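Remember, it's a predicted structure, so these values are computed and weren't measured experimentally.
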Amino acid sequence: MPVYTVRRVLVAVPTLLLISLILFLLLDLAPGDPTAQLPLTIPPEVKENIRRSLGLGEPIHVRYLLWLKQFFVNEPLHLMSQLTGLDLGGDRHRVISWQTRSPVVDLVVERLPQTLWVVGLSYVAGIAIGLPVGIVSARHQYGWFDQVGTFVSMIGFSVPTFFSGVLLIVVFSVELGWFPSIYDTTHRVTGWDSLLFQLRQMAMPVAVLALYNAAQISRFMRASALDNLTLDYVRTARAKGLSERKVIFVHVLRNAVGPVVTVVALGVPGIFGGAIITEQIFKVNGLGQLLITSIQASDLPTVQTLTFVFAVLIVACNLLADLLLGILDPRIRYD
Amino acid sequence: MIEAVPVRRLLERHVVRQFMRHKGALLGFAFLVFILAFVLLGPLIWTIDPQFIDIRARNSGMSLAHPLGADQLGRDMLARLMAGGRASVAVGAAAMLLSLLIGGLVGLLAGFVRWLDGPLMRLTDLFLALPLLPLLLVVILLFRESLRAAFGPEAGIFILMVAVMGITGWMQTARVVRGEVLTVKELEFVAAARSVGAPEHRIAGRHVLPNVLSPIMVSATLGMANAIITESALSFLGLGFPSDFATWGRLLFDATDYLQQYPGRVLWPGLAISLTVLSVNYIGDGLRDSLDPRSRSMHSGSL
Amino acid sequence: MRKFTIRLAGLAILAVGVLPVSAAAAAERGRDGHVSIIYWQAPSILNPYLSGGTKDIEAASIVVEPLARFDASGNLTPWLAATVPTLANGGVSADLKTVTWKLREGLRWSDGSPVTAADVAFTAEYCRDPAGGCSQLARFDDVTAVEALDDLTVKVTFGVPKPYPYGPFVGATSPILQKAQFGDCKGARAPECTDANFGPVGTGPFRVTGFRPNDVISLEANPHYRDPAKPAFATVTFKGGGDAAAAGRAVLATGEFDYAWNLQLSPEVLKGMAAAGKGNVVSSFGTLVERLVVNLTDPSPGRGEARSTRAHPHPFLADRAVRKALSMAIDRKLLVEIGYGQAGRPACNVVPAPEIYASKANDDCLRQDVEGAKRLLDGAGWRPGPDGVRQKDGVRLSILYQTSTNAVRQDFQALIKQWWSDIGIETELRNIDASVFFGGDPGSPDTYQKFFADIEMYANNFEGADPESYLGAWRCGNEPRPASQWQGENMPRYCSEAYDRLLKEMAVTGEISERARLAREMNDLLVQDYVLIPLVHRGRVSAHARSLGGVRLNTWDSEIWNIADWHRAR
C-alpha cells in the first residue's frame, strides 16, 4: 500500500506541472489589460506607469519560471516561517494580486475555509442521501421509490442552481425569515448559539449543492448496484440463505461502491463549478467569488493561482479516490 | 461476418422494444419532439417578432394577444421562448456533437492505435483534472472580444461557447469508446474479419462503430443536458450572449429579479429548461437501461 | 407587529422618566451599536490612490478624508481644512497660480498622533511619484509644488493659472494619507505595503479592524475622531459582493442590512422590494445626462474623406426647425418611467446640476408636443411625401440613429423611432458594441467620434462640480476630424462664435456665481440650438433601513460621505 500511494502521488506531480503550464500559457494570451478597468479620465501615460509597476512586459518564459518559483518555493517557505516563527522566507517575492496588491496565497488561505465548508458539507450530505437512495432504487427497479427517486434526482440535474438558489432565498429568507440571505464570513463559532447561526447560514447554499450531488450520486449508485445485483455472487449469497438486507448492505454495497467512488471523484470539478454560482448567490465569498471578481478585474495572477488551486483540489480528490479504491479493492494495487 | 448483421438487427429491435417499455424515456422522447417542433416550427405559426416592443402590453399577464404574457418592455413571452429555445437547443446540440466528435475520435484512436493509447489516455486524465467552469470563464474572458469582432456578438459567443464546451466535455465519451473498442476488438467476429484481411479502418467502421453507438448515445444525451445548463449558468455570470439576445438561460435569469412580482415569467423558461433537460436525461436513462446487456437478460431472458 | 407596538408604548412611558439620561446618552460616541452596509461590488483595497474603482474609493472614504469635499448638493465644504480657500478670502492668489489650505486645529489620526501639513505635502509626494502608479495622478495635473508652510498650512503651486484649483486634496478620490504609515511605501514599493493599503490610518469616523479583500471590512469607531459625540455607531460591517438585486433584497425585503449601494434595478423590482416596508429607497442626481447628439455635418458615404466633417453641412439637420421637431416629439417622462424609474428624471439641460449651474430656461421640453412638431415642420416647408415621410426639394427626412448595445438604450431607440415616425420622419436603428463605439479606435468606422450617422445617443457627465472642461468640449475646432486622428469631444461639430467667447471668459473667471452664469448661458446655447437633445438626467439609487437615520445620498463625492452623522432613528 505505501508503495502504491507513493506511486500515485508521484504521478500527480507532472500532471499538476502540465496543468500549471497550460493555465499560464492560456492566460498569457489574455488581451485583458488590468488597467482597462480604470476610469477613462486617467491619462494614458499614467496607465503606462501603473502597468510597469505591475510587472508586465517581461518575456513569457521568465514570467512562468518566476511564477513557478514564487508558487512552489517562496510561498511554502513563507508559510513555514509563519508557522514556525523563523524567518525562512526573508525578502523573497510573493505572487501579488494586481487588484488588491496583496499576496494571492493569503487571499486563497482566507477564502479556502468557506468554500471547503460549503462544498464539503454538501458533498457529505449528497453522499448520505445519494447512496441509500441509489441502493433502494436498484433493489426495486421501476418500483414507486425508484420512479420518485429518479424524478427528484433528475430535477436536481436539470434546475440551474442560480434559479433554485434565488427561489430558496425568496421562500426561506424573504417570506419565512428562517435563514439569512447573506453569508457572514466574519462569523466565528465559539459556542452553541454561534454554531447554530453558522448552520443556519450554511443551510441554503449546502441544500442547493447537496441536491445536485445527491442526484448525481444516487444515479451512479443505482446503476452500479444494478450491475452487481445480477452477478453470481449475489445469487450465491441469496442461495446460501442470507437475509436480503445482509445481501444488499454487506455484499452488494461493498462491491458497488467502488465505481461510485471513482465517479464521485470525477464529479469534483463539476461541484467546484457549481460552488462558484452558489457562492455568488449566497455571498459566501469563497474561492469561486474571488475567481469571478478577479476575472472581472483582469487580475491575472489571482486568476492563475486560483484556477491552479482548483486543479490541485481536483487532483487531490482524484488521488484520494484512487487510494480509497485501493483500500476497498486490493486487486487494484497490483495493476 | 455474415451473421453479425442479423444479430444486430435483432438487437436493435429488442432495444427499441425495451426503450418503449421505459415510460420515462418514452415520455421524455415525446416531450423532446414537442420542444423541437415548438422552437423550430413554432415561429412559423406564432409570427410575432421576439424583439418587438409593445409598450402598452408591458408586464401583462396571459391574454389572447400574448398567450404567455409580455415582459417588462412588452415583448411577447411566447415568441421569446421560441427564439430562446432555438438558441439554447442549438448550443446544446452543437456542443454535444463537437464533444462526441472529439471524444469518439480520441477513443477510437486510443483503442486501435496501441502506441497512442498511453499518451491519449494521459491527456484525457489531464483534461479530467482541469477545473472546467473556471477555465470556461477564463477562456470566454480572453477570446470574447476578438471573436465578437470577427463574427459579430451573437455568432462569436456561440462559436466560443460551443468550442469550449466541446473541448472540455469529450473525456467521458473518449473513455467509454476506448473501453468498448478494446472489448469489441477481442470479440470473435472482429477477429474473424481481421483474419480474412479486412483493413483496420473497415473494421472500425463496420464492426466497432455500431457497437459503441449505444454508450455514445447515452453520453450524448447527458452532454446536451449539461450544455444547456452551462449556457444558462454563463448567462447568470454575465459571460454569455449579449443581454438582448434571448436564450432560455437569459430569460430565466432576467425573470429571476421579478420572481415575486411576476412568478409566471420565471415559470415558462424554467419549465422549458428543466423539462428539456429532464426529458433528455430520461431518454439517456432509458437508453442505458435498454442497451445494458445484463438488464436486458434480466427482463426478457430471451436473448 | 402588535408586540412591537406594545414595546413602543412601554418605551414612551419609560422615556418620560429617563429623559435626561437618554439626552446625555445621545451625545455619546458608539451609542447605537452596529450598522451594516452592503456594496454589491466588493472593495479590494482601501487606498484610493492605488485603485480607480468607485467601490474602493467609497469604502476608503469612511477611513481617510480630504481637505474639502462636496456635500449632497454639490457645494464645496471644508472637511479637514478650516475653510475652503477662495479668491475672496485670499486663499487663492490673484494670478490663480497658488492656493493655500489651512488645516483645522487639533486634528488627530486614529492612532492618536496629530495631523500636520507635512502629511498633506507627503500625500502629494506619494501620488506624484512616477514609479508609484498612482490612479489619481490626474488630480495633481499642473501642480509644480506642494509645501508645508507650518504645521497647519500647506501651499499648492500650479504651473498655469487655475481658476478652479480644487483638484488636489478635494473629494473622496484625493484624501490625506498619514506620512508615518506610508513613508516607506512610496514609488515602486507602493503595492508592497499590504498592511497599509488594507488598513490605512485615517482621520475619519471609523478605523479598520479587519479587511478581507473582495469580501468584507470590519470597522470600529475612531476614538480620536474630532467630534466626541460622533459617530453614533460603535462598529460597522461593510460587506461586498453579489448583485444589485440581492443587495436590495437584504435591505428592503429581509432587513439584514442597513444600507445598500447603487441599486441598478428596474423600477418595478425596486418597488416590489420596498413594499415590504423594511427600508426606504433614496435617489440622488449628479451630472450624468443621457442625450441625443445631432450631426450638423453630412455623414453620407459619398463625401469620402470629408464625410462627417465641417466641409459639408448636413442636408436636413442643418435646419434648426427639424432639430427642434425631433426634440418636441419625444416623451421624456415615458422614457424615464421605462428605463430608470426613480434613478432618472426628464432632462432639458446638458448641465443639469449643481443647482447654481442648472438653467431653468428650457423646461418646456418636458411636454411632448407631436402636433407642434408637425406644424413646425410644415412651416419650414417639409411636407409629407407619398410614403408619409416628409421631404423638401428631393431631400427625405430619413435618419440613421446609432448608439451602443445596452438593453435600456435599445428600448429608447425603439420608442423614439416610433415617435419620430409619428411626425413623418423615417428612422433606421443601429447599435454598436460599447467597446467599439466608445473605443476611440481611429481605424474603426463605428466610433462615436467618427459619427457616420445622423443622430447618436449616449450619456456623459463631468467630474467634480465644475463644468468648465466639460463645456469646453463644444468649442469650435475641437470636433473629431481626419486631421486630429478623429480625436476630440465636439461630436455635433458645433461652431459658434458666441459660445467660444463665453468659454474664453470662463477660463479667466474665478468667482463662482459668475462662472455659474457663464455655464448656464453656454448650456442654453447648446440646448436651444438643438445640437444636443437631453433626454434623461440619470441618478444614483440606494436604499437604507427605516431605522437608519442621517443618510444623505451624495453623488458628487463618496455616497457615504456623512457616515459620521448616521444613527438609529428612534
Side-chain angles (χ1 to χ4, degrees), chain A residues 11-12 15-16 18-19 22-23 26-27 29-32 141-142 147 150-151 153-155 157-163 166-167 170 174-175 219 223 226-227 229-231 266 269-270 272-277 280-281 288 291-292 295-296 298 303-304 306-311 313-315 318, chain B residues 21-24 122 125-126 128-143 145-146 168 171-172 222 225-226 228-230 232-233 235-239 249 252-253 255-257 259-260 266 269-270 273-282 285 288-289 292 294-295 297-298:
Chain A
V11 170
T15 310
L16 281 178
L18 213 58
I19 290 177
I22 292 178
L23 293 179
L26 192 65
L27 283 169
L29 299 170
Q141 195 187 11
Y142 301 126
Q147 302 285 10
T150 305
F151 184 72
S153 63
M154 289 297 179
I155 298 241
F157 273 133
S158 52
V159 178
T161 41
F162 69 79
F163 174 64
V166 174
L167 190 67
V170 166
V174 177
E175 299 297 333
R219 294 317 288 162
L226 274 179
D227 283 351
L229 275 173
T230 53
L231 292 187
L266 286 178
F272 280 113
I276 292 180
I277 291 167
Q280 193 77 358
I281 292 171
L291 181 74
I292 296 283
I295 283 180
Q296 283 163 350
S298 297
V303 174
Q304 223 158 34
L306 270 180
T307 25
F308 188 63
V309 166
F310 277 121
L313 285 173
I314 288 163
V315 170
N318 285 340
Chain B
R21 247 162 75 169
H22 194 293
K23 278 200 207 80
R122 289 291 81 75
D125 286 345
L126 185 76
L128 278 171
L130 285 176
L132 296 187
L133 192 65
L135 214 60
L136 196 67
L137 299 179
V138 170
V139 169
I140 286 183
L141 175 84
L142 298 187
F143 297 99
E145 288 312 318
S146 34
T168 54
M171 292 83 73
Q172 296 286 12
L222 289 176
N226 247 334
I228 292 178
I229 294 276
T230 309
S232 69
S235 289
F236 168 73
L237 293 172
L239 290 166
L252 181 59
F253 174 56
T256 312
D257 278 352
L259 190 59
Q260 282 163 291
V266 181
I273 294 182
S274 304
L275 287 182
T276 306
V277 173
L278 200 69
S279 59
V280 166
N281 268 324
Y282 263 116
D285 217 40
R288 192 170 21 215
D289 279 0
D292 182 7
R294 277 187 296 268
S295 74
S297 57
M298 199 165 117

_Under 4.5 Å from any heavy atom of chain B, what part of E175(A) do you find: side chain, backbone, both or neither?_
side chain
*With a 4.5 angstrom heavy-atom cut-off, which part of I277(A) approaches chain B: side chain, backbone, both or neither?*
both
*Quick one: CZ on F163(A) to OG on S232(B), what's the gap to the nearest 0.5 Å?*
11.0 Å
*Can you say whether V170(A) sits under 4.5 Å from chain B via the side chain, the backbone, both, or neither, judging by heavy atoms?*
side chain
*Under 4.5 Å heavy-atom distance to chain B, tell me which part of I22(A) shows up: side chain, backbone, both or neither.*
side chain
*If you count heavy-atom pairs under 4.5 Å with chain B, which of L167(A), V315(A), T15(A), I19(A) comes out on top?*
I19(A)
_Contact origin within F151(A) toward chain B - heavy atom pairs under 4.5 Å_ = both
*Measure distances from V280(B) to the heavy atoms of chain A and classify the residue's part below 4.5 Å as side chain, backbone, both or neither.*
neither
